[in-house]
Structure formats: C-alpha cells, structure tokens
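Reviewing the structure listed below.
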2 protein chains.
Amino acid sequence: MPAQPPTSGTTGAPAPVAHLRVQRVRPAYRQVADELRTQILAGALPAGTRLPNEAELGRAFGVSRSTAREALRVLSSQHLVETHRGVQGGTFVSEPDPARVVEDVGSALGVLVMTPRLHVSDLLEARLLLEPAAARLAAQRADTETVEAVRAAAAAPRDDRDPSGFVGHLDFHTTLLMATGNLMLTLMGQPVNDVLRTRLRRAGIEAREWDKVDACHREIAEHIAEGRAGDAEEAMRDHIVELRRLYERDGIWA
Amino acid sequence: MPAQPPTSGTTGAPAPVAHLRVQRVRPAYRQVADELRTQILAGALPAGTRLPNEAELGRAFGVSRSTAREALRVLSSQHLVETHRGVQGGTFVSEPDPARVVEDVGSALGVLVMTPRLHVSDLLEARLLLEPAAARLAAQRADTETVEAVRAAAAAPRDDRDPSGFVGHLDFHTTLLMATGNLMLTLMGQPVNDVLRTRLRRAGIEAREWDKVDACHREIAEHIAEGRAGDAEEAMRDHIVELRRLYERDGIWA
DNA sequence: GTGGGGAAAACGTCAGACGTTTAGCGTCCC
DNA sequence: GGGACGCTAAACGTCTGACGTTTTCCCCAC
C-alpha cells in the first residue's frame, strides 16, 4: 500500500489536511485526450469529422506525434474516434453506436461480477425487475413488424453451434428488450443477459428443460402479439423465476 | 483488397465468397491489449498484480516499448490497469470499481442521448421503472444504518453551491438506489440520473418546487424507515411522475 | 534519531526513420 | 475505347534510442 501519505514523526495532531488531492500534473496525453473528448461531447467535432493527421495534431497541441497518438488510442478505445489507414485515412469522430455501448457495459459488468460486491443474484433480481416490464411495454406497443421479429426469435431453432450465421437472430430476450422501442431498456438489460449467458456456459441443462424454455418464449410472444400486456408481463415474470431456478441449480457461479 | 484468395483463372461466376470479413490484421497494440485484457478477465492477473515494466512487456510480446505503451493506454482508459511513476511504480491491474463503471456508463449514455436513437423520455421511462421498485426493495431490506443514510440524504440542505464538501451526501436518488443493497440497480439507475441532472442544468425551477421535491423525498424516506414497501413504491412512482412533469416543462432537452 | 541528499527504477515525452495500407490515377495492352 | 495492372502519395503502424520527470528508498551527516 504505497499510497499512504507520510504520517511520519509528527509530534502533535497530524494536521487534518482534509483532502490533499494534489492532482499532480496530468500527463500530456491525458490532457490532449480530455480536451478532444470535451470538444467531441460538446458537439464541436460532430460524428464523421476528420481530425488532422497525427503529426499535425501533435503540433497543434504542442506535443510530439507519439503523445498525440497515445491520446488517440485512449479516445479510440472509448469508441469516440476510429482510425483508418491509407491515403484518405486518418482519425474520424465515431458515430455513437448502442451496440458498442452494450458491449462495453457488459464487459465492465463482467469485471464487477468477479467481485463480492456484485453477485449474480443481483443480476437476476435486476432482470426480474426489468424484463417483465419490458414484456408489458412490448405488448402495449407492438407493431406488426416487431411482433414478427419477436415471434421469429421465439421460434428460432436452438442452434448453439453455428455461431456465425444467424445475424438477425440474437436472442429472444434481446429481441424482446428491443421490441419495447426504448433503447435504454435494451442498454440496461442486454449486458445483464450477456453476463448471465457467459456464466451459464455449458451448465448441464437437458434438452427437456430447453424445450420448456422455448415453450415459455412462444407463449410470451403470443401474448405480445395479441397485445395482452398483463399476461405478457406475468408470463415473463414466471419465466424469469423459472430461469433463476435453473441458474441457481446448475449455474456455475463462483 | 490483397486478402482475396487467388480466384485467378476462374471462368464462370466470380465466386460468392460469402463473408470475407478478413479482419485485416489487427494492429499489434490491439493484439497486445486484447491478450492482456483476456488474461485479466480470466483471472490470470488478479487485481493488484504488477505487470512487467513497459520495456520488458514489449520484449515479452515481441514488440517495441511504444507499441506496448499504446496497448497499456487502451487498457488504462478502460480502467483495467493503472500506472504509477517512480521506483516501485509500474502498471498494476486495477481493482474493479463500481463508481468508475457508473461514470463510464454515464458518459457513454451522454453520447447516445445526443442521437435520435435514445430520447430523454426513454431515460425517464426507465427511471420510472427502476426507482419505485428500488424504493420497495429498500423498504423491505432497510437496516437501521441504511435508513439513517436515506433520511440524511432526504434532509440534506439543497446547496447547489459548495460542490466540494458533502462527500457522503450525493443525491437522494443515488442513496436510495444504494439502499437496495443491489449494486446492479445502482449501476443501472445512477447513470440515468447523472444524464438527467446534466440535462436539467439551470432549468428555471423555483424554490417552491424544490420544496415540494424535498417533501416527497422525506415522505419516501419515512416509508422506507417504517418498512412500508408498498407505500414507498407508490410514493416514489408519484414523485418520479411529478419530476417528469418538471423535466418536460423546463428541461432543455434538444 | 532525524533530516537531507543522492541513486535507481519506471513512466512520460521527444525526435526521426522506415514499413504498411489504401485509394486514386495514369498507363498499357487488348 | 475499355478494362486490368501498377505506381504513387498520404496516413497510420512500428521501431529505435535518448532524455526528462517522478517517486521511493537508503545512506550519511548532524
């Protein structure tokens, strides 16, 4: 624990000093990154904007190209910019991408789940809160196209092999979250599902149980298709509770 | 497109080739970052581990120090590692930090809110879904210490000035989310609140309205203190609906 | 004992060079 | 005249080596 401030040989009270967050001096690459991020978030650099090349960018900030590059690495790892090579390449401000956000949140959650602070049961509780409500909303708002997507997701064959095809399939729960028309719900729910799925990898669940799951999905899909919001919500709640039982029995969560 | 397999002297159709997502070649700094991330997430490098210094790390991966550094910048901007200077400095695997995650999610949301895909009304709907349930859970689980924290947050003077003090105060809604004992709920709800707060910056809301808000907070706090889960939930729902009205009237959301 | 002054280990930054990728354009051969 | 081939230039990607800066630790003088 080297971060301890020197409480050395003081005689009397060690002087409270409150919060001596000295802020040191932020490294140059961080300052450059922060400045650029601020400009991007403020809208001064709209999506698609091409930044100056690395050498010029460095000159503009009074730093070397390497430093400018490190700043760009930071921004690009946060998906604020992306770089392309070749003539006509360069660094461009990214279009905001919900899928990317879901990914990031999911991986951040993945880290937290390893700690005692965030238990898998917390995720299940959150899911139990979120998805029934999502089912209700989906039932209330379903347009025909969305209904069809949900039905398709519920009917999709359970092929865990062949992970490449099935671009549009995703998962029933994902599809349902999206069917609410509220992106925020997807953003909150999807990472939870992702984490749970990776945790459940190869738990010994038998085909008979999967059939039951599929049946639930189809039932919920029908409720939604018919606009029976209350039934959809309740069915989803039961489904999640059932899933939770499965997780708690077979889930290998350390 | 040099990755094209030599479809050379084929006479007929140009060969569909399906999905030739050649993935190009990921840059070295990305490969290094991905490899390290994988090891960290797999638990092979537990929090607190000190990585080799940049030069050695580069040697270990067969890349130069600059490349290794760029990889570390990526990881550190994702809060997977942090670097310190000086002897005994170096790069260390970070302890997972929920507050950091909340920050990240919040800023990611901030970006998305600028798009038409994610509207502020979506945030409000999500909040209306989340916080009443949180109030219910808090009422069900409240231990005396938590109750006290919630009460304190509700009673806290509304000092928008003096942003430095009040380290423990935060916000009533934040405190309540934490009072559920389910970190996941905080993780989902807090970024929403953050985004809403920044959007509402300096909306012309009068003192009388703030008094009303505070009254609601105190009422909810009391419901929770007394363990009246249903009342807490309902009061919170009313409160959020009321807040939504305020936002919709005064909120300056583009 | 205590305080101060190196010394050493790491990161931070710089400068310059060369490789690699990519798009665009011109040329050459049907 | 048209299309394939190959060259070229702009940017990023990577390497090398050097020097500055920060921070800790330890020894030595007082």
Side-chain angles (χ1 to χ4, degrees), chain A residues 1-12 20-34 36 49-77 81-94, chain B residues 1-4 6-11 14 20 22-34 36 49-77 81-94:
Chain A
M1 207 88 82
Q4 202 80 277
T7 26
S8 46
T10 53
T11 56
L20 83 165
R21 283 278 100 240
V22 205
Q23 181 54 303
R24 251 58 194 182
V25 182
R26 277 178 320 172
Y29 71 87
R30 232 174 189 318
Q31 295 183 48
V32 173
D34 289 347
L36 286 176
T49 304
R50 178 182 182 171
L51 300 180
N53 69 48
E54 296 172 344
E56 267 184 73
L57 198 60
R59 237 171 293 137
F61 279 97
V63 299
S64 73
R65 190 189 157 205
S66 340
T67 301
R69 269 180 69 78
E70 293 195 20
L72 292 178
R73 288 293 80 75
V74 170
L75 296 178
S76 95
S77 82
V81 303
E82 43 196 285
T83 64
H84 302 284
R85 298 173 67 173
V87 63
Q88 300 299 357
T91 305
F92 300 83
V93 179
S94 298
Chain B
M1 213 107 67
Q4 198 81 276
T7 26
S8 46
T10 54
T11 54
L20 83 165
V22 206
Q23 179 57 293
R24 251 61 194 181
V25 183
R26 277 178 320 172
Y29 71 87
R30 233 173 190 318
Q31 296 182 47
V32 173
D34 289 348
L36 286 176
T49 304
R50 178 181 181 171
L51 300 180
N53 69 48
E54 296 171 343
E56 269 184 70
L57 198 61
R59 236 170 295 137
F61 279 96
V63 299
S64 74
R65 189 188 157 206
S66 347
T67 302
R69 270 180 68 78
E70 293 195 21
L72 292 178
R73 289 291 81 75
V74 170
L75 295 178
S76 95
S77 81
V81 303
E82 42 195 286
T83 65
H84 302 282
R85 297 173 70 174
V87 63
Q88 299 299 357
T91 305
F92 300 83
V93 179
S94 297

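Residue numbers start from 1 in every chain, and the chains themselves are labelled A, B, ... in the order their sequence lines are given, proteins ahead of strands. Hydrogens, waters and symmetry mates play no part in the numbers below; they use all other heavy atoms, side chains included.
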Is there a side-chain contact between [X] and the phosphate of [N], meaning an N or O under 4.0 Å from OP1 or OP2?
| X | N | result |
| --- | --- | --- |
| A:Thr67 | C:dC14 | yes |
| B:Thr83 | C:dG12 | yes |
| B:Thr91 | C:dA10 | no |

Start at the 5' end of DNA chain D and walk down; is the nucleotide closest to A:Gly90 or to B:Ser64 reached first?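 Upstream on the strand: A:Gly90.
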
Roughly how many Å is it from [atom1] in [X] to [atom2] in [N], rounded to a whole number?
| X | N | atom1 | atom2 | answer |
| --- | --- | --- | --- | --- |
| B:Leu72 | D:dT14 | CG | C1' | 16 Å |
| B:Glu82 | D:dT22 | CD | C1' | 17 Å |
| A:Gln88 | C:dT22 | CD | C1' | 10 Å |
| A:Arg59 | C:dG16 | CZ | C1' | 13 Å |
| A:Arg69 | D:dA11 | CZ | P | 15 Å |
| B:Glu54 | D:dT14 | CD | P | 16 Å |
| A:Leu57 | D:dG13 | CG | P | 13 Å |

Out of A:Thr91, A:Leu57, A:Val81, A:Val93, which residue meets the side chain to side chain contact (heavy atoms under 4.5 Å, CB included) rule with A:Leu36?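 Only one option passes, and that is A:Leu57.
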
[X] and [Y]: which non-hydrogen atoms are nearest, and at how many Å?
| X | Y | value |
| --- | --- | --- |
| B:Val63 | B:Ala28 | CG1-CB, 4.2 Å |
| B:Val25 | B:Gln31 | CG1-NE2, 4.3 Å |
| A:Glu82 | A:Ser94 | OE2-OG, 3.0 Å |
| B:Arg26 | B:Asp34 | NH1-OD2, 2.6 Å |

Using heavy-atom distances to pick each residue's nearest nucleotide on DNA chain C, tell me which of B:Ser66 and B:Ala55 is more 5'.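 Between the two, 5'-proximity favours B:Ala55.
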
Considering heavy-atom distances to DNA chain C, does A:Tyr29 or B:Val87 have its closest nucleotide positioned more toward the 5' end?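 Nearest nucleotide further toward 5': that of B:Val87.
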
Between [options], which nucleotide has the shortest distance from any of its atoms to the side chain of [X]?
| X | options | answer |
| --- | --- | --- |
| A:Asn53 | D:dA11, C:dT13, D:dA10 | D:dA11 |
| A:Arg73 | D:dG13, D:dA10, C:dT13 | D:dG13 |
| B:Glu70 | C:dT13, D:dT14, C:dT22 | D:dT14 |

Within the 4.0 Å heavy-atom criterion, would you say A:Arg50 contacts the bases, only the backbone, or no part of the nucleic acid?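 A:Arg50: backbone/sugar contact only, no base atoms under 4.0 Å.
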
Remember a base hit wins even if backbone is also touched, and classify A:Gly62 as base, sugar-phosphate or nothing at under 4.0 Å, heavy atoms.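 Sugar-phosphate, backbone atoms only, no base.
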
Between atom CG of A:Leu72 and atom CD of B:Glu70, what is the distance when rounded to the nearest 0.5 Å?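 Between A:Leu72 CG and B:Glu70 CD, I get 9.0 Å after rounding to 0.5 Å.
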
What distance separates A:Leu51 CG from A:Thr83 OG1, expressed to the nearest 0.5 Å?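 Rounded to the nearest 0.5 Å, the CG-OG1 separation comes to 10.5 Å.
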
Pairs under 3.5 Å (N/O, protein and nucleotides 18-20 of chain C):
{"unit_1": "C:dG19", "atom_1": "N2", "unit_2": "A:Arg85", "atom_2": "NH2", "d": "3.4"}
{"unit_1": "C:dT20", "atom_1": "O2", "unit_2": "A:Arg85", "atom_2": "NH2", "d": "3.1"}

So, the side chain of B:Arg50 versus the backbone of B:Gly89: is there a donor-acceptor pair under 3.5 Å, distance only?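 Flag set: sc B:Arg50 to bb B:Gly89 pair under 3.5 Å.
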
Helical bend (five base pairs per end, nearest 10°) for the helix from C:dG1-D:dC30 to C:dC30-D:dG1: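 Answer for the end axes of this duplex: 10°.
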
A:Arg73 side chain near B:Arg30 side chain, heavy-atom distance below 4.5 Å: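 Not touching, per the 4.5 Å side-chain cut-off.
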
Got a sec, which residues hit ring-ring contact (aromatic ring centres under 6.0 Å, His included) with A:Phe92, two or more places apart in sequence or on another chain?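 Testing A:Phe92 for ring-ring contact (aromatic ring centres under 6.0 Å, His included), a comparison that skips the adjacent residues, returns A:His84.
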
